[in-house]
Number of protein chains: 2
Amino acid sequence: MQKPNIRPKPVKAISLADQVENNLIEYLNNNNLKAGDPLPKETELAEYLGVSRNVVREALSRLRMLGMIESKKRKGMVLSEPDLLSGVERVLYPNILSEESMKDIFELRLVLEVGMADLIFARLTEESIKSLEDIANREARDPGTNKLKTRLKYEISFHSKLYEMTGNNTLKRFQSMLLPVFNYMMEVESTLEHKPESGKISHFDLIETLKTGTPSNFRKNMREHLTPHYDRL
Amino acid sequence: MQKPNIRPKPVKAISLADQVENNLIEYLNNNNLKAGDPLPKETELAEYLGVSRNVVREALSRLRMLGMIESKKRKGMVLSEPDLLSGVERVLYPNILSEESMKDIFELRLVLEVGMADLIFARLTEESIKSLEDIANREARDPGTNKLKTRLKYEISFHSKLYEMTGNNTLKRFQSMLLPVFNYMMEVESTLEHKPESGKISHFDLIETLKTGTPSNFRKNMREHLTPHYDRL
DNA sequence: ATATGTAATTATGTAGTACATATATGGCAA
DNA sequence: TTGCCATATATGTACTACATAATTACATAT
């Protein structure tokens, strides 16, 4: 007799809270509701969905965390513009994440910094270049750059400014969320034998490229600047 | 008499669920707990934190959504590897997001596809190139590519493969989550006067670059391929 | 008449109890 | 050992009661 072609139970065990959550998100999306639109009361939702208010609140609690809804004491709940990154934010703790995830994030950074050249060029201003120069000059004059921590400070400062210059707030916020992750990886890296810092392209070189070069030049130079990190792949 | 220099209340109104959530995340992180480690029981947490089990469950419900914890019926709860993107996933509905967020996401895609060249080259295989060629050939032989929908199908297929070739699962998953957003924007775009599709660099050109070129070449060509989209900036 | 104070109303926020459900565990029997 | 059954236990769900804050309306004072 042949084995029955049944996979050993998906073992879903989807809780009511899960179902209600999906249900609500679908509802919000399908009805084309916009920020500011009011939602039914908790008790109404509970009754309509045939579950306890408790379950509804667990689902709502999740949406509230993501910024999708806001609740006010007597007014009720309203839909609001969700925060793209607040869901990622809570998860980005190096101690909790796996090596695999950390690697993915690390690579993501390299991809972003090389890829964002066109955005930077499209929104280039005199002031922003000035800011970059200030940072690079302070770095050059600082006698403490033989210490990892000091180098890291300027490195972060410089690159953060570049993210800011893309004019893309999501990108910028994402980068600031990633900083703890990189600090963590840099500390790990610093225990290794080879120093992970000096590429052939300096911050001054990058600034010069912004002034007189093209996005393509900049990508190439940024890639070169990040070579010590790319070598880890 | 001068107006008093008092700002009108920050009006925080942080709920207990919020506090407990933060508290738990901090706890998990500070104690260097790893995936698989058991957590205290709900009742214990409630008692220890001095709140009702209800509140604890709302906070736990959030962490569960993010994949940080898993609960089993009698066993209790265990810490688990959080899912980096599940928090973003639920929010990525074009109807709900603002124009600003959509723009940010759209730009993010352009940044990623131009920036991921080095990852692709580092993990290049014969088979993956073959796959790309298959897609491009099917596209070339398909008589229906005058229709937007058909063009889009091959476009997505080709670019998805590229994400996959980076060997970065987070990146790949992120892209698949973004697809609905792009479909949405393409539909909007298709109502405009100019056709948003043909750059000077074809899919065949990109494949050729992968075979005989360098990451730098590829970035440049990909940028060129995406020119119709970049023009929107 | 404007301003201030006060009470009623209402929806979310929190607490607590009770029970349902699933599952690990141990004991008993074949 | 293997298999079955009872039991204990932690999460999942339901329900009730009350706290809190904010809206509304009304009443009072200057």
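All chains are named by letter (A, B, ...) in the order of the sequence lines, taking the proteins before the strands, and each is independently numbered beginning at 1. Only this structure's heavy atoms are used, side chains among them; waters, hydrogens and symmetry mates stay out. None of these values were measured; they are calculated from a predicted model.
- Each of B:Gly76 and A:Ser52 was assigned the nucleotide of DNA chain D with the nearest heavy atom; the assignment lying further toward the 5' end belongs to B:Gly76.
- Heavy-atom distances under 4.0 Å link DNA chain D to B:Lys41, B:Glu42 of residues 39-50 of chain B, given in residue order.
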Show every donor-acceptor pair shorter than 3.5 Å between a side-chain atom in residues 30-37 of chain B and any protein atom, with sequence neighbours excluded, or say none if there are none.
from: B:Asn30; atom 1: ND2; to: B:Glu26; atom 2: O; distance (Å): 3.4
from: B:Asp37; atom 1: OD2; to: B:Lys34; atom 2: N; distance (Å): 2.8

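- The closest side-chain heavy-atom distance from B:Ile120 to B:Tyr163 is not below 4.5 Å.
- For the side-chain hydrogen bond (donor to acceptor under 3.5 Å, both in side chains) with B:Ser71, the lone residue among B:Arg64, B:Glu42, B:Arg57 that qualifies is B:Arg64.
- Between the base of C:dG13 and the side chain of B:Asn54 there is no donor-acceptor pair shorter than 3.5 Å.
- Applying a 4.0 Å cut-off to non-hydrogen atoms, none of the residues of residues 16-24 of chain A approaches DNA chain C.
- Using a 4.0 Å cutoff on non-hydrogen atoms, the parts of residues 55-75 of chain B near DNA chain D are B:Arg57, B:Arg64, B:Ser71, B:Lys72, B:Lys73, B:Arg74, ordered by number.
- B:Thr125 and B:Ser128 share a side-chain donor-acceptor pair at under 3.5 Å.
- With respect to B:Lys130 and B:Glu126, no salt bridge is recorded, no charged nitrogen being found less than 4.0 Å from a carboxylate O.
- Applying the salt bridge (charged side-chain N to carboxylate O under 4.0 Å, His left out) definition to pairs two or more places apart or across chains, those involving residues 158-185 of chain B are B:Asp83-B:Arg173, B:Glu89-B:Arg173, B:Lys161-B:Glu164.
- For residues 95-104 of chain A, the salt bridge (charged side-chain N to carboxylate O under 4.0 Å, His left out) pairs, not counting sequence neighbours, are A:Lys103-A:Glu107.
- A:Glu21 is linked by a salt bridge (Lys or Arg N to Asp or Glu O under 4.0 Å) to A:Arg62, B:Arg90, counting only residues two or more places apart in sequence or in another chain.
- Rounded to 10 degrees, the angle between the two end axes of the helix from C:dA1-D:dT30 to C:dA30-D:dT1 is 10°, with five pairs used at each end.
- Taking the six-membered ring where tryptophan is involved, the planes of B:His203 and B:His159 are perpendicular, since the angle between them exceeds 60° and thus also 30°.
- Partners of A:Tyr154 by side chain to side chain donor-acceptor pair (under 3.5 Å), not counting sequence neighbours, listed by chain and number: A:Asp142.
- Residues satisfying the salt bridge (Lys or Arg N to Asp or Glu O under 4.0 Å) test with B:Glu81, not counting sequence neighbours, are none.
- Partners of B:Lys75 according to the salt bridge (Lys or Arg N to Asp or Glu O under 4.0 Å) rule, which considers only residues two or more places apart in sequence or in another chain, do not exist here.
- Counting to the nearest Å, the P atom of C:dT14 and the CD1 atom of B:Ile14 are 11 Å from each other.
- Scored by the salt bridge (Lys or Arg N to Asp or Glu O under 4.0 Å) test, B:Lys73 finds no partners at all (sequence neighbours excluded).
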